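Down below is the structure, laid out as structure tokens.
The shown structure was predicted, so the numbers you read here are calculated from the model rather than taken from an experiment. For ligands, and for the atoms within them, numbers begin at 1 and follow the listed sequence. Atom set for the values below is all heavy atoms of this structure, side chains included, hydrogens, waters and symmetry mates excluded.
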Amino acid sequence: MREALRGGPRVDPDDLITRLDAVRRFLTAVDGHLPDERLVPAHTLVERAGTRLALSRDHTVVALAGATGSGKSSLFNALARLDLSPVGVRRPTTGVAHACVWGPLDGANRLLDWIGVLPRHRFIRESALDGDDESALHGLVLLDLPDFDSVQHAHRLEVDRLLGLVDLVIWVVDPQKYADRLVHTAYLREFHRHRDVTLVVLNQADRLPPAEVPRVLDDLRRLLDADGLTGVPLLATTAVDPSGTTELRASLESTVAERQASLRRLAGDIDTVVERLADLVGPESAGAGPDAAGTRALTGALAGAAGVPAVTTAVEAAYRHRAAGATGWPLVRGWRRLRPDPLRRLHLPGTGSPSGEPAEQPVAATSVPDPTAAQRSALGLAVRAVAERAGGDLPGPWPAAVTGAARSRLGDVPDALDRAVAGTDLDVPERPLWWRLVGALQWLVTLTAVAGLAWLVLGYALNALGLPDPDEPMVGEVPLPTLLLLGGLLAGLLVAAVTRPVVRWAARRARLRAERRLTAAVAGVGEEHVLTPVRAVLTSYADARDALRVAAGKK
Ligand SMILES: Nc1nc2c(ncn2[C@@H]2O[C@H](COP(=O)(O)OP(=O)(O)OP(=O)(O)O)[C@@H](O)[C@H]2O)c(=O)[nH]1
Ligand SMILES: [Mg+2]
């Protein structure tokens with residue numbers, strides 16, 4: 001029975017291109033996030049497949065591969081019906097690939113340029129003498145490869161290179177060496193994803209007694225099954241007898257007519273690459289993003305490193321300082337003003353630009369104390385923690401990529417925090433109306449006391465000089481000047497006593513207000529310098545996962 005290439009399901013070129021584009025998208029998404037060495041096969045695939053698809057789809061490139069002396073060149077010549085590739089007794093004979101093209105050479109030439117077969121090793125099987133005999137093979141580009149088990153290491157490298165480029169491989173084994181480990185472990189097993197474009201021939205079948213042939217074929221079939229090549233076509237051939245290649249020729253005719261081999265080869269390549277990348281993406285739920293608790297902890301650590309507690313303490317102190325300056329007893333106010341404003345000591349104005357908008361221009365550096373070693377390490381831990389919570393459940397090298405992204409801009413954070421603090425409108429008032437009113441009241445009662453004192457002093461002076469002392473008006477039992485003096489002093493103390501708790505309460509509110517604004521500002525730094533890079537990696541991960549799903553052919 002003729003054993004033709006079954007080839008499996010047809011490969012639709014558009015589907016193949018969609019899958020290839022998905023591999024390309026995958027590579028774009030993971031660029032810079034995953035180690036390059038894991039991506040080499042995918043890059044190679046994209047490059048090769050793109051070129052192969054752009055070159056002739058009317059040609060099918062078939063390679064004869066096998067151990068030295070198995071009869072590759074003999075089969076090549078038998079199929080070409082010409083002595084094109086030297087057959088030798090000295091092994092190895094074939095050192096470079098030879099090609100035979102059925103049909104016009106023009107279209108095949110570019111393909112052979114790309115594959116790398118030298119022009120002097122290209123032959124054409126289009127002879128007027130043949131008539132239509134060979135027309136069934138039009139479109140076939142047959143390659144005779146060097147041996148892969150060569151004493152010449154270069155042969156093996158050349159074979160490996162060519163096996164990556166051809167559309168279909170005919171593995172040629174002979175009765176003596178068909179069970180050799182090398183062909184099975186290093187080659188056939190590696191091709192299990194290319195079952196649809198693999199064919200095995202047991203050549204030199206004439207060297208076996210006819211009754212032995214089925215037994216050896218069965219044994220070989222068993223080995224192929226173990227290689228994962230269940231169902232690949234297996235033929236017995238004899239290169240030295242013209243009728244010994246009839247079945248193989250028929251197989252090639254149907255393969256060439258179908259024009260599916262190049263597409264199936266590439267589909268198999270994509271399957272192989274996708275399978276090797278599968279561990280780089282994981283379940284749908286993974287990579288949900290930075291969570292609220294992690295973000296809060298990060299903001300807390302940033303606030304610590306930015307010196308927010310020191311600034312808010314200064315805000316409260318500045319409020320009290322300024323309020324005391326405006327509402328305190330007028331006679332000691334000046335002395336108070338000599339003491340520095342706690343906010344100005346940090347080079348913070350306390351209020352934003354006059355428009356009330358946060359300052360846009362570069363702001364001068366503050367004198368907020370630098371973060372301590374403990375604050376710096378707390379920030380480092382918080383960044384690591386937020387990355388671990390965001391990407392810890394991702395597969396393979398992704399968690400490291402997320403952590404790397406979270407830390408990528410850490411060097412800019414101290415300056416950014418300083419700018420954020422300096423640019424925050426802390427909303428500490430200079431002289432609100434109620435301070436001015438209380439201040440005016442303090443002046444009033446002080447002036448009252450001073451007037452009373454002056455009056456009393458004037459009375460004593462007149463008395464001492466023996467001058468007539470005008471009668472002091474009385475309020476009840478108390479003389480008016482005394483009442484003015486004592487009343488003014490008492491009222492001053494009273495106003496101060498009432499004002500103090502109000503100032504304290506308002507100062508605490510000012511502190512909370514500043515704390516909210518500063519927290520929002522440092523959270524913005526965390527967002528820009530830590531969370532945004534983390535999200536970018538997670539987006540890349542999601543893109544990569546979706547792309548790989550499409551590349552795998554799943555809709
Ligand atoms: N009896 C018999 N001899 C064969 C057959 N095929 C090849 N030979 C002989 O086996 C020897 C090696 O054949 P080649 O075609 O040079 O083998 P090859 O696989 O090209 O070897 P390398 O180029 O060294 O890799 C030659 O002497 C051939 O005449 C066959 O089917 N039957
Ligand atoms: Mg040879």
For the pair R48 and D269, find out whether any cationic side-chain nitrogen is under 4.0 Å from an anionic carboxylate oxygen.
no

Short N-O contact, D113 and R110, less than 4.0 angstrom
no

My understanding is that only residues two or more places apart in sequence, or in another chain, count here; which of them pass ring pair (Phe, Tyr, Trp, His ring centres under 6.0 Å) with W398?
Y541

Step by step, would you call Y178 with N203 a side-chain hydrogen bond (donor to acceptor under 3.5 Å, both in side chains)?
CA-CA 10 Å; Y178 72 88; N203 190 39; over 6 Å; no

Electrostatic pair D167-R52, nearest N-O below 4.0 angstrom
yes

Keeping to distances under 2.8 Å, can you name the protein N/O/S atoms close to the Mg ion (ligand 2)?
S73 OG, T94 OG1

Does E212 pair with R207 as a salt bridge, N-O distance under 4.0 Å?
no

Just jot down the salt bridge (charged side-chain N to carboxylate O under 4.0 Å, His left out) partners of E528, sequence neighbours excluded, or say none.
R409

If you measure from the Lys or Arg side-chain nitrogens to the Asp or Glu carboxylate oxygens, is any gap between D219 and R215 under 4.0 Å?
no

Taking 4.0 angstrom as the limit, do D412 and R419 come out as a salt bridge?
no

Every residue of the protein that comes under 4.0 Å of ligand 1, judged on heavy atoms
A67, T68, G69, S70, G71, K72, S73, S74, V87, G88, R91, P92, T93, T94, D147, N203, Q204, D206, R207, T238, A239, V240

